[in-house]
Novice: 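Got a structure for you, questions after.
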There are 2 protein chains.
Amino acid sequence: MATREGTDTEHHSHGLREGDHGSDDFAAVIRDAGLKVTAPRLAVLTSLAASAHATAEQLFDTVSVSLPGTSLQAVYGVLGAFTTAGLVRRIEPAGSAALFERRVGDNHHHLICTGCRSVTDVECVVGEAPCLTPSDAAGFVVQTAEVTFWGLCPDCQAGAAASAHDL
Amino acid sequence: MATREGTDTEHHSHGLREGDHGSDDFAAVIRDAGLKVTAPRLAVLTSLAASAHATAEQLFDTVSVSLPGTSLQAVYGVLGAFTTAGLVRRIEPAGSAALFERRVGDNHHHLICTGCRSVTDVECVVGEAPCLTPSDAAGFVVQTAEVTFWGLCPDCQAGAAASAHDL
DNA sequence: GTCTTGTTTTGAATGACTCAAAACAACTGC
DNA sequence: GCAGTTGTTTTGAGTCATTCAAAACAAGAC
């Protein structure tokens with residue numbers, strides 16, 4: 001059985017200045033969200049800081065390096081708790097597994113490459129409000145607007161042009 | 001074993017006027033898309049005309065009434081072929097199964113109730129082009145923009161107000 | 001009417017995710 | 001510091017939507 005070497009990453013031994021609840025003091029971020037600070041949670045939050053958009057599986061792979069023995073279900077549990085607490089946002093692009101991102105609270109959208117499926121954040125189309133109001137809301141009380149742009153990233157454009165040239 | 005009583009719905013016995021390739025002559029629509037006209041395909045297209053947004057499972061249920069013996073996989077096959085041919089559009093709202101709709105080619109979006117998950121079409125936010133252009137495309141060649149509005153439909157608003165009153 | 005090709009059936013497999021019970025560890029107050 | 005409570009994680013199984021593959025079958029071409 002794998003010993004949990006990462007468990008000795010206690011919150012009172014981190015080198016961050018006290019009182020700094022900025023985006024780097026992950027323990028404080030978690031605690032301030034009303035959640036218990038645990039090794040898997042710190043590991044997931046750290047991994048998420050390294051990749052802007054990641055699947056549960058990808059995070060599991062990354063976490064497994066720094067904290068071997070962590071289960072995939074734990075990662076799902078952590079992500080679920082984080083999402084509920086508003087610490088991360090979950091997006092679900094058509095045709096792929098859910099992606100998690102730390103950027104929350106702002107009204108940003110996504111640009112996804114149909115070739116390599118890479119995801120890029122884009123600021124809200126025209127300022128902030130416009131894309132939140134459909135032309136006819138049919139009596140709905142609209143809470144959020146989700147915008148996903150699909151296209152080809154520079155790399156895949158180059159690839160497509162090259163293979164078109166080969167014909 | 002279920003006998004295919006619906007199979008005698010041949011294309012040469014329908015009551016539609018010849019040459020009318022409008023949205024009602026399903027056989028012609030299918031044929032014009034370069035696909036073979038089969039009973040399951042006609043049934044799916046008919047079901048889809050009755051409900052603007054349906055899952056494969058829902059269509060399977062409807063089709064099973066008019067054409068017993070049709071398999072769920074056949075429905076998936078039909079929907080796949082239709083989607084590839086551009087006859088239907090597939091949307092995948094977060095947290096639910098894929099929905100299929102006959103409205104294709106126009107740039108319309110969706111308004112989904114977070115309460116009952118009912119889906120309503122909405123016209124493009126501001127005319128047609130604006131929502132197709134992100135503020136910064138990061139070098140991407142943008143092909144489409146997908147907009148999903150999330151909110152509460154009139155019915156669920158009433159329900160929410162009522163239960164809030166009960167507290 | 002026959003033949004070719006595309007469809008549908010049947011049955012199994014996959015991937016992403018959820019559920020549940022037991023083992024365990026964080027934070028509470030003592 | 002230490003024990004208790006409550007929330008987390010592990011382990012293992014289960015679900016749902018969807019896809020894959022081979023054989024049976026039927027649509028449209030000749």
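These values consider heavy atoms only, across backbone and side chains, with no hydrogens, waters or symmetry-generated copies. Not measured: the values here are computed from a predicted model.
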Novice: Measure from CG on B/L67 to C1' on D/dC25 and round the result to the nearest Å.
Specialist: 14 Å
Novice: Could you tell me the separation between the CZ atom of B/F60 and the C1' atom of D/dA17, rounded to a whole number of Å?
Specialist: 14 Å
Novice: Going by atom types only, do B/H110 and B/D121 share a side-chain donor-acceptor pair under 3.5 Å?
Specialist: yes
Novice: Run the salt bridge (charged side-chain N to carboxylate O under 4.0 Å, His left out) test on A/R90 and A/E146 for me, step by step, so that the C-alpha distance in whole Å, both residues' side-chain angles and the decisive distance to 0.1 Å come before the verdict.
Specialist: CA-CA 12 Å; A/R90 177 191 174 126; A/E146 200 186 330; over 6 Å; no
Novice: To the nearest Å, give me how far apart CD1 (B/I30) and C1' (C/dT8) are.
Specialist: 14 Å
Novice: Using a 4.5 Å cut-off on heavy atoms from C-beta on, say whether the side chain of A/L87 contacts that of A/V104.
Specialist: no
Novice: Are B/F140 and A/S118 side-chain neighbours, meaning at least one heavy-atom pair lies under 4.5 Å?
Specialist: yes
Novice: If I take atom CG in residue A/D32 and atom P in nucleotide C/dC27, what distance separates them, rounded to the nearest angstrom?
Specialist: 12 Å
Novice: Compute the bend angle of the helix from C/dG1-D/dC30 to C/dC30-D/dG1 from the end axes (five pairs per end), rounded to 10°.
Specialist: 30°
Novice: Within a strict 4.5 Å, meaning less than it, do heavy atoms of the B/L99 and B/P93 side chains meet?
Specialist: yes
Novice: Please write out each protein N/O paired with an N/O of nucleotides 2-8 of chain D under 3.5 Å, distance rounded to 0.1 Å.
Specialist:
from  : atom 1 : to    : atom 2 : distance (Å)
D/dT6 : O2     : A/K36 : NZ     : 2.9
D/dG7 : O4'    : A/K36 : NZ     : 3.2
D/dT8 : OP1    : A/R41 : NH1    : 3.0
D/dT8 : OP1    : A/R41 : NH2    : 3.2
D/dT8 : O5'    : A/R41 : NH1    : 3.3
D/dT8 : O5'    : A/R41 : NH2    : 2.8

Novice: Compare all side-chain heavy atoms of B/E57 with those of B/V75 and state whether any distance is below 4.5 angstrom.
Specialist: no
Novice: Show the distances under 3.5 angstrom between N or O atoms of the protein and N or O atoms of nucleotides 13-17 of chain C.
Specialist:
from   : atom 1 : to    : atom 2 : distance (Å)
C/dC17 : OP1    : A/A98 : N      : 2.8
C/dC17 : OP2    : A/Y76 : OH     : 2.9

Novice: Would you indicate whether the side-chain heavy atoms of A/T120 and A/F149 approach each other to under 4.5 Å?
Specialist: no
